[in-house]
Amino acid sequence: MQLNAGHRAVGAGIKRRSSRSFYMRLSNYFLPTLKEDPKEAEIVSHRLMLRAGMIRQQAAGLYSWLPLGYRVLRKIQAIIEQEQARAGAIQMLMPTLQPAELWRESGRYDDYGKEMLRISDRHDRDLLFGPTNEEMITDIFRSYVRSYRELPLNLFHVQWKFRDEIRPRFGTMRSREFLMKDGYSFDIDREAAEKSYHRMFVAYLRTYHRMGLAAIPMRAETGPIGGDLSHEFIVLADTGESGVFCDRNILEKPIPPADTDFEGDLSSIVSDWTSAYAATEDMVDMAEFEARVPAQRRISARGIEVGQIFYFGTKYSTAMNALVTGPDGRDAAVHSGSYGIGLTRLVPALIEAFHDEDGIVWPTSVAPFEVVLLNLKTADEKCSSICDKMYHDLKNAGIDVLYDDTGAGAGSKFATADLVGIPFQLIIGPRGARSGEAEIKNRSTGQRQSVALEQAVPLLQKTIEPERRDRI
RNA sequence: CGGAGUAUAGCGCAGUCUGGUAGCGUACCAUGUUCGGAACGUGGGGGUCGCAGGUUCGAAUCCUGCUACUCCGACCA
């Protein structure tokens, strides 16, 4: 089997933002918002996702993603895919169902317990709904890769997983079916594997940063092999499931820029980030925490885990006989790591971080739409003709726009726009229509600004461009 | 899996204790007046009261069993 063993062009395949926008008239859309709080939702993100018409629960821990929620999920996925490509990871897709046989080989079929959903097909063959993909990717790797010259290799996919949680809760924060990006690296030895680990570490810093999130890498459990090569990425939030302890300094560390050389040495970036104390409650050593971090810089808070990276060495390659021939001509088990990001958990994590009493406040880079155009009086001919033109201009400017062209009252439109959290509201009312002015409201700051009609779209374009964070 | 709850119109709830043939708010449909913070009037449609048994002349209501969902705990991306 011939494989391309040459130097992979890291960063190839990063898509530039297309000039085409996503646009929609609310009168044609499906946005079932709720005025009242659903009784089943306890935490703010779950409440807001239901009220904003983003998700619908189908059973415990199973959710449909309604159009608005799905758009956010897709935006998050696009950012992850771009940053994975930048770091040299290659996207593929594995099935949701896996043969039990592979898991018997690794020994995990019996170890995994009741969290694994076991299924049998019409021929009584044992299958399972994959909770993760180490076995399957190792099987793929061993089937094709024979030589160290084909390494390093990092393969990832974004696929639905299932873990039969005893108690799913908090909406999609802890669901049974969940969408996850999981990647797997393959290297000839521990030293090379460490480089792969560093590439993902840096890619993760950039990924969360582009979503507007401060995700802190914290030392995590590694098991017998890993040494210090396991980190959880944690977003601070009061509703977080784990207690976390860290140095405030870590929040001011510089994010590696877009032109970071992923083929170069990234260890200085990683050691800078890991030099500041940060650990979850499972790992924290209070004496060390207090010794290393001055009292005024200590943060002890709650956090949501939105990703984990993990070096596991030859655990699966040994069990499953995934060997490569090294430069010395001898076969050795390949060294691997796995790298996960929970997409369906990131959505509520973002809402926990970005909301106020009126609703969600999306960072522009993950917002379902960038602008909502509010026609405050559709019965007014002048008002409507201005809005129609604005809608057209926003589309042409490449802005994702939702046009509220419904006959609802002004107050109701404001309330819906605030609830669903679109970052900019372009407001056209009958008064402004006559005086030639539009109003732009910034959802995040609450500030309103009057602008001449012809300046509205150029101003929005100029404001939104840097907030997309697709060049940082 | 241990503990605690809930189930009545799309959603949020009352009615259950004390049995008499189902109601409020909102949403929905029609219509008129409105139109810058979830407008108002008038008229209308929608519920085998989670499911299955039982008691009774009669069950949303009392009894038994089951199911689903939520919360706390243990567990977890």
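Chain naming here is simple, since letters A, B, ... match the order of the sequence lines and numbering starts at 1 in each.
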Asks: With A/Lys389, which residues qualify under side-chain hydrogen bond (donor to acceptor under 3.5 Å, both in side chains), at least two apart?
Replies: A/Asp393
Asks: Sequence neighbours left out, what passes side-chain hydrogen bond (donor to acceptor under 3.5 Å, both in side chains) with A/Thr318? Give chain and number order.
Replies: A/Thr314
Asks: Taking only the P atom of each, what is the distance from B/U33 to B/U26 in whole angstrom?
Replies: 22 Å
Asks: Suppose you measure atom C1' in B/G19 against the same atom in B/C29; what distance do you get, rounded to whole Å?
Replies: 36 Å
Asks: Do any of residues 375-382 of chain A sit with a heavy atom less than 4.0 Å from RNA chain B, and if so which?
Replies: A/Leu376, A/Lys377, A/Ala379
Asks: Rounded to whole angstroms, how far apart are NE2 on A/His157 and C1' on B/A77?
Replies: 13 Å
Asks: When we call it a touch if two heavy atoms are under 4.0 Å apart, what does A/Ala415 touch: a base, just sugar-phosphate, or nothing?
Replies: base
Asks: Tell me the interatomic distance from A/Glu232, atom CD, to B/C76, atom P, rounded to whole angstroms.
Replies: 11 Å
Asks: Would you say the side-chain atoms of A/Ser384 pair up with the backbone N or O of A/Glu381, donor to acceptor, closer than 3.5 Å?
Replies: no
Asks: Among residues two or more places apart or on two chains, list those pairs meeting ring pair (Phe, Tyr, Trp, His ring centres under 6.0 Å) that have a residue in residues 28-52 of chain A.
Replies: A/Tyr29-A/Phe369
Asks: Whom does B/G53 pair with, Watson-Crick or G-U wobble, provided both distances fall under 3.5 Å?
Replies: B/C63
Asks: Verify whether the ring centers belonging to A/His335 and A/Phe186 lie closer than 6.0 Å.
Replies: no
Asks: Between B/A74 and B/U21, how far apart are the C1' atoms? Round to whole Å, please.
Replies: 47 Å
Asks: At 4.0 Å (heavy atoms only), tell me whether A/Gly429 reaches a base, stays on the sugar-phosphate, or touches nothing.
Replies: base
Asks: If you pin A/Ala408 and A/Gly307 to their nearest nucleotides in RNA chain B, which one's is more 5'?
Replies: A/Ala408
Asks: Would you mind building the protein contact string for nucleotides 8-16 of chain B? One character per nucleotide, 5' to 3', B for base within reach (heavy atoms under 4.0 Å), S for sugar-phosphate only, - for untouched.
Replies: ---BSS---
Asks: Is there aromatic stacking of A/Phe178 on B/A77 here, judged by a ring-centre distance under 5.5 Å and a plane angle under 30°?
Replies: yes
Asks: Partners of A/Thr132 by side-chain contact (heavy atoms from CB on, under 4.5 Å), sequence neighbours excluded?
Replies: A/Trp103, A/Arg108, A/Tyr112, A/Glu134, A/Arg163, A/Tyr184
Asks: Does B/C72 have OP1 or OP2 sitting under 4.0 Å from an N or O in the side chain of A/Arg169?
Replies: yes
Asks: Hunt down the Watson-Crick or G-U wobble partner of B/G12, both distances under 3.5 Å, from any strand shown, or write none.
Replies: B/C24
Asks: Using the C1' atom as the point on both nucleotides, what is the distance between B/G46 and B/A27, in whole Å?
Replies: 12 Å
Asks: Take atom CG of A/Leu31 and atom P of B/A38, then tell me their distance rounded to the nearest Å.
Replies: 18 Å
Asks: List the residues meeting side-chain contact (heavy atoms from CB on, under 4.5 Å) with A/Glu177, not counting sequence neighbours, and say none if there are none.
Replies: A/Leu62, A/Phe129, A/Trp160, A/Phe162
Asks: Give a yes-or-no answer on whether the side chains of A/Glu439 and A/Gln449 include a donor-acceptor pair shorter than 3.5 Å.
Replies: no
Asks: Could you list the residues that satisfy side-chain hydrogen bond (donor to acceptor under 3.5 Å, both in side chains) with A/Thr239, not counting sequence neighbours?
Replies: A/Glu352
Asks: Give me the distance, rounded to whole Å, that separates B/G12 from B/U34 when you measure between the P atoms they each carry.
Replies: 36 Å
Asks: Please classify the nucleic acid contact of A/Lys441 as base, sugar-phosphate, or nothing, using heavy-atom distances under 4.0 Å.
Replies: base
Asks: Distance check needed: B/A77 P versus A/Phe170 CZ, whole Å only.
Replies: 16 Å
Asks: Using Watson-Crick or G-U wobble geometry with both distances below 3.5 Å, tell me the partner of B/U42, or none.
Replies: B/A30
Asks: So what's B/U6 paired with, Watson-Crick or G-U wobble, going by both distances under 3.5 Å?
Replies: B/A68
Asks: Mind checking what makes side-chain hydrogen bond (donor to acceptor under 3.5 Å, both in side chains) contact with A/Asp358, not counting sequence neighbours?
Replies: none
Asks: Quantified in whole Å, what is the P atom distance between nucleotide B/C51 and nucleotide B/A60?
Replies: 11 Å
Asks: Sticking with atom P, work out how far B/U48 lies from B/A9, rounded to a whole angstrom.
Replies: 9 Å
Asks: Select from A/Ala59 and A/Ser242 the residue whose nearest nucleotide in RNA chain B is closer to the 5' end of that strand.
Replies: A/Ala59
Asks: With ring pair (Phe, Tyr, Trp, His ring centres under 6.0 Å) as the rule and sequence neighbours excluded, what pairs involving residues 401-444 of chain A come up?
Replies: A/Tyr391-A/Tyr403
Asks: Which listed nucleotide (B/C71, B/A38, B/C1) is nearest to the side chain of A/Lys35?
Replies: B/A38
Asks: Can you check the A/Leu50 CG to B/U70 P distance for me, whole Å?
Replies: 11 Å
Asks: With a non-hydrogen cut-off below 4.0 angstrom, is A/Gly342 in contact with a base, only sugar-phosphate, or nothing?
Replies: nothing
Asks: Can you pull every protein N or O that's under 3.5 Å from an N or O on nucleotides 42-45 of chain B?
Replies:
none

Asks: Who pairs with A/Gln57 by side-chain contact (heavy atoms from CB on, under 4.5 Å), at least two apart in sequence or on another chain?
Replies: A/Tyr63
Asks: Whole angstroms only, please: what is the CG-P distance between A/Leu419 and B/A38?
Replies: 14 Å
Asks: Within less than 4.0 Å of OP1 or OP2 of B/C76, is there a side-chain N or O belonging to A/Gln308?
Replies: no
Asks: Below 6.0 angstrom between ring centroids: does that apply to A/Tyr197 and A/Tyr311?
Replies: no
Asks: Heavy atoms under 4.0 Å, any strand shown: does A/Thr132 hit a base, just sugar-phosphate, or nothing?
Replies: nothing
Asks: Please determine whether any donor N or O and acceptor N or O are separated by less than 3.5 Å between the side chain of A/Arg174 and the base of B/C76.
Replies: yes
Asks: P atom, B/A38 versus B/G20: distance in rounded Å?
Replies: 41 Å
Asks: Salt-bridge test for A/Glu241 and A/Arg345: reply yes if a basic N is under 4.0 Å from a carboxylate O, no otherwise.
Replies: yes
Asks: Ignoring backbone atoms, establish whether A/Arg167 has a side-chain N or O less than 4.0 Å from OP1 or OP2 of B/C71.
Replies: yes
